[in-house]
Amino acid sequence: MFATAQSIESKCAPVLFEVLKTISTLTTLDLDDNSIRDNGAEALGEALKTNSTLATLNLTKNSIGENGAQALGEALKTNSTLVTLNLTYNSILENGAQALGEALKTNSALTTLNLYNNSIGDNGAKALGEALKINSTLATLDLSFNSIRENGAQALGEALKTNSTLATLNLTYNSILENGAQALGEALKINSTLTTLNLRDNSIGDDGAQALGEALKTNSALATLNLSENSIGDNGAQALGEALKANSTLATLDLYSNSIGDNGAQALGEALKTNSTLATLDLAFCLIGDSGAQALGEALKTNSTLTTLNLRDNSIGDDGAQALGEALKTNSTLATLNLRENSIGDNGAQALGEALKTNSTLATLDLYSNSIGENGAQALGEALKTNSTLTTLNLRDNSIGDDGAQALGEALKINSTLATLDLTYNSIRENGAQALGEALKTNSALATLNLYHNSIGDNGAKALGEALKINSTLATLDFTFCSIGDSGAQALGEALKTNSTLTTLNLSENLVWYKGLLAFSEALKTNSALITLDLEDNLIQPKIVKAFSEALKNKSTLATLDLTCNLTEDNGTQTLGEALRTNSTLTSLYLAGNLIDGSGVQVLADALKMNSTLTTLDLKNNSTGDCGAQALAGALKINSTLTTLDLWCNSIGEIGALALAEAIKTSATLTTLYLQDNSIGDNGALALSQALKKNSSLTTLDLWGNSIGDNGAHALADALKRNSTLTTLYLQNNSIGDNGAQALSQGIQMNSTLTTLDLWYNHVTDKGAMALCKVSHICLVGTQVRFKHTSLRII
């Protein structure tokens, strides 16, 4: 039996959890993002002492502190069934961690414990380390974002020397430094059970990497090691390379964003020549250059285990690509190769093309943002005629032009495996599009074609429309910014009447007017496959909106409709509102920038009272005003599905804000509210603050540019002391000064859920910044105040 609960408050929790003492069927209880706090956790702990069935308990984002964690710890001492406990995003601190540590010394059932973002610090880590010396069942421990430093890591290292069950340890985004890494390295020399170790962003440096390298020489259990973003240079990489020559278990090594350089890559390449276990190697943003790529290429000629290689943004150039191409001719294991942003030109692409003619394992080749022209594309096209394994080819942001597209089109007539082709930003015009259209008439494999920002025009669209009448595999087609007008859109509309496979069509930012849009509305009446239609910025007239609305009344598949920047106005809104009353499939509707005023919004609000499927409504940059906001507020009190409402730049004042605040008090579904660039003032902020004290669903609130001042900031700070769901608060450009910043600092100290607070472009001086330092580390950058903290980002 599985149970999920929402909007449980701490005062209600004891009554609910009393049932757990006697229920004999419940095995999973998900209480993610409720407000049970310490009282609820204490009641839950009491229930767990006698419950004998619950196996999984999720308490993510519940404002549980030390007392709650201590109660759960006491329960774990006697409970014999719970195997998974998730306490992500709470505030158990070191005392809570110590209590859980004590419990783990005797508990013999728990296998997974997630303490992500709980500020347990070194002392908490030490307590858990002591427990791991004794515990014999815990297999997964997540301590990410916990302010653990060297001492905490050293304690965990000591524990791993004797522990014989822990398989996964996640220490991402802590600060264990080289000493912490050295301690863990010493443990790995002895430990025989840990298979996954994640040390991302811990500043371990070369010394830490060298220590871990030494450990890997003898360790025979670790399979996954993540050392990304750790300031490792070529010395550290060389040490890891030496380790790989001897190690026989590591399958995944992540060195993303470390400055290992060509020397480091060469060392890893030498290791790959003899290593027989590594399957995934991530060297993105590692400054390896062409000589580093050449070393890796030499390794790939003999290596028989590596399946995934990420070399993104390494400036390998044509020389590096040619070396990799030579390797692919004989390599028989690599399945995914990422060469994004590497200054590869035609020569490099030609080398890769030659390789694809004989290679029989590569399935994904990513060449995004290189300098490949028509010659390079022609070489790849020739390869695709005989290649039978490549399924994804990304050529986005190159310069293949019509000739390159024609070559790829010829290849698609023969190729039977390529499923995804991205040709965004490639200077393709109508001739190239016509060639691709001809290919699609016979191709039976391609499912996704992206032609974003290519000037294919009406003739290109007509050719692809003709193909869609016959093609039976293409599911996604992107024509954004392709200079398509009415006649091209008409052709596509005609195709949709009979096509039964296309599910996503993007025509945003084209030149489609009356006739083309009318063709689409007619097609929607009979089409039974299309789920997403994006018509942003195409000057749709009200009479066309009426036609679309008529189609929506009976449409059974369309879930997303984007009519942004189409000057829909109130006449069009009237018909959309009527459609929403009966439509049962649309989940997202985008109407930004359409001159809709309060009366038009009133129509949409009335529809929301009856609609039961829409989850996202985007009305940014219209003229909703206070009257429209009041209407939407009335709808929110009744509607039970809308989760995101965007009212950016809508001339809403404090009256509108007061109405929305009243609705938010009782809304149990709205999670995101954007009110940027309105005029709600401090009174509006006060009303919203009162609502936040009662609301238990809103996670994101955007009040950028609303002149709320210090008074508004004080009110919001007071709300933060009680609110337990808000994670993101945008307060940029609000005339907030030091007094407001100080109040927010106090509110944040009592809040356990807020992770992002944006105070850009306010009037905060050093005095206010110092107050905010109490909740975050500070770095001043111009007029922006940036804070980095393990649990809170203040900008």
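- Rounded to the nearest 0.5 Å, atoms CZ (Phe145) and OH (Tyr116) are 4.0 Å apart.
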- Task: Assess whether side-chain hydrogen bond (donor to acceptor under 3.5 Å, both in side chains) is satisfied between Asp30 and Asn58, documenting all intermediate values.
- Result: CA-CA 5 Å; Asp30 187 349; Asn58 185 358; 3.3 Å; yes
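- Distance OG/Ser259 to CD1/Ile288: 12.5 Å, rounded to 0.5 Å.
- With hydrogens and angles ignored, the 3.5 Å screen pairs a side-chain donor or acceptor of Thr305 with a backbone N or O of Leu278.
- Looking at heavy atoms from C-beta onward, His453 lies out of side-chain contact with Thr480 at the 4.5 angstrom threshold.
- In this structure, Phe285 has its ring center closer than 6.0 angstrom to the ring center of Tyr256.
- In this structure, CG on Asn394 lies 11.0 Å from CG on Leu339, to the nearest 0.5 angstrom.
- Residues forming a side-chain contact (heavy atoms from CB on, under 4.5 Å) with Ala411 (at least two apart in sequence, or on another chain): Leu384, Lys385.
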- Message: Using the rule given for side-chain contact (heavy atoms from CB on, under 4.5 Å), can you reason through Gln266 versus Ser291, listing the C-alpha separation, both sets of side-chain angles and the distance that settles it, and then say yes or no?
- Response: CA-CA 8 Å; Gln266 287 166 356; Ser291 57; 3.9 Å; yes
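- In this structure, the side chain of Asn370 does not engage the main chain of Ile372 through any donor-acceptor pair within 3.5 Å.
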- Task: Apply the test side-chain contact (heavy atoms from CB on, under 4.5 Å) to residues Leu268 and Leu283: give CA-CA distance (whole Å), side-chain angles for both, the deciding distance (0.1 Å), then the verdict.
- Result: CA-CA 10 Å; Leu268 292 169; Leu283 297 178; 3.8 Å; yes
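- Listed by chain and number, the residues in a side-chain contact (heavy atoms from CB on, under 4.5 Å) with Ala439 are Leu412, Lys413 (sequence neighbours excluded).
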- Query: Checking side-chain contact (heavy atoms from CB on, under 4.5 Å) for the pair Leu530/Leu505: CA distance, chi angles, key distance, verdict?
  - Reply: CA-CA 8 Å; Leu530 201 67; Leu505 177 60; 4.0 Å; yes
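- When each of Ile484, Asp537, Asp486 is paired with Asn510, the side chain to side chain contact (heavy atoms under 4.5 Å, CB included) condition holds for Ile484 and for no other.
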- Message: Assess the residue pair Asp402 and Arg429 against the criterion (salt bridge (Lys or Arg N to Asp or Glu O under 4.0 Å)); give the C-alpha distance rounded to whole Å, side-chain angles, the decisive distance to 0.1 Å, and a yes or no.
- Response: CA-CA 6 Å; Asp402 279 346; Arg429 299 185 180 277; 5.9 Å; no
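- Atom CD of Glu341 and atom CG of Leu367 lie 12.0 Å apart (nearest 0.5 Å).
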- So Thr420 and Leu393, side-chain contact (heavy atoms from CB on, under 4.5 Å) or not? Walk me through it. CA-CA 6 Å; Thr420 300; Leu393 177 59; over 6 Å; no
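- Under the 4.5 Å side-chain criterion, counting only non-hydrogen atoms from C-beta, Thr277 is not in contact with Thr249.
- Remark: Arg396 CZ is packed, more than 12 non-hydrogen atoms of other residues, nucleotides or ligands lying under 6.0 Å away.
- Considering only heavy atoms from C-beta on, Thr168 stays 4.5 Å or farther from Leu141 through its side chain.
- Note: Asp262 CG to Cys286 SG = 12.0 Å, rounded to the nearest 0.5 Å.
- At least one side-chain heavy atom of Leu533 sits under 4.5 Å from a side-chain heavy atom of Leu558.
- Here the OG atom belonging to Ser427 is positioned 12.0 Å from the CG atom belonging to Asp403, to the nearest 0.5 angstrom.
- Side chain of Ser144 to backbone of Leu171: no donor-acceptor contact under 3.5 angstrom is found.
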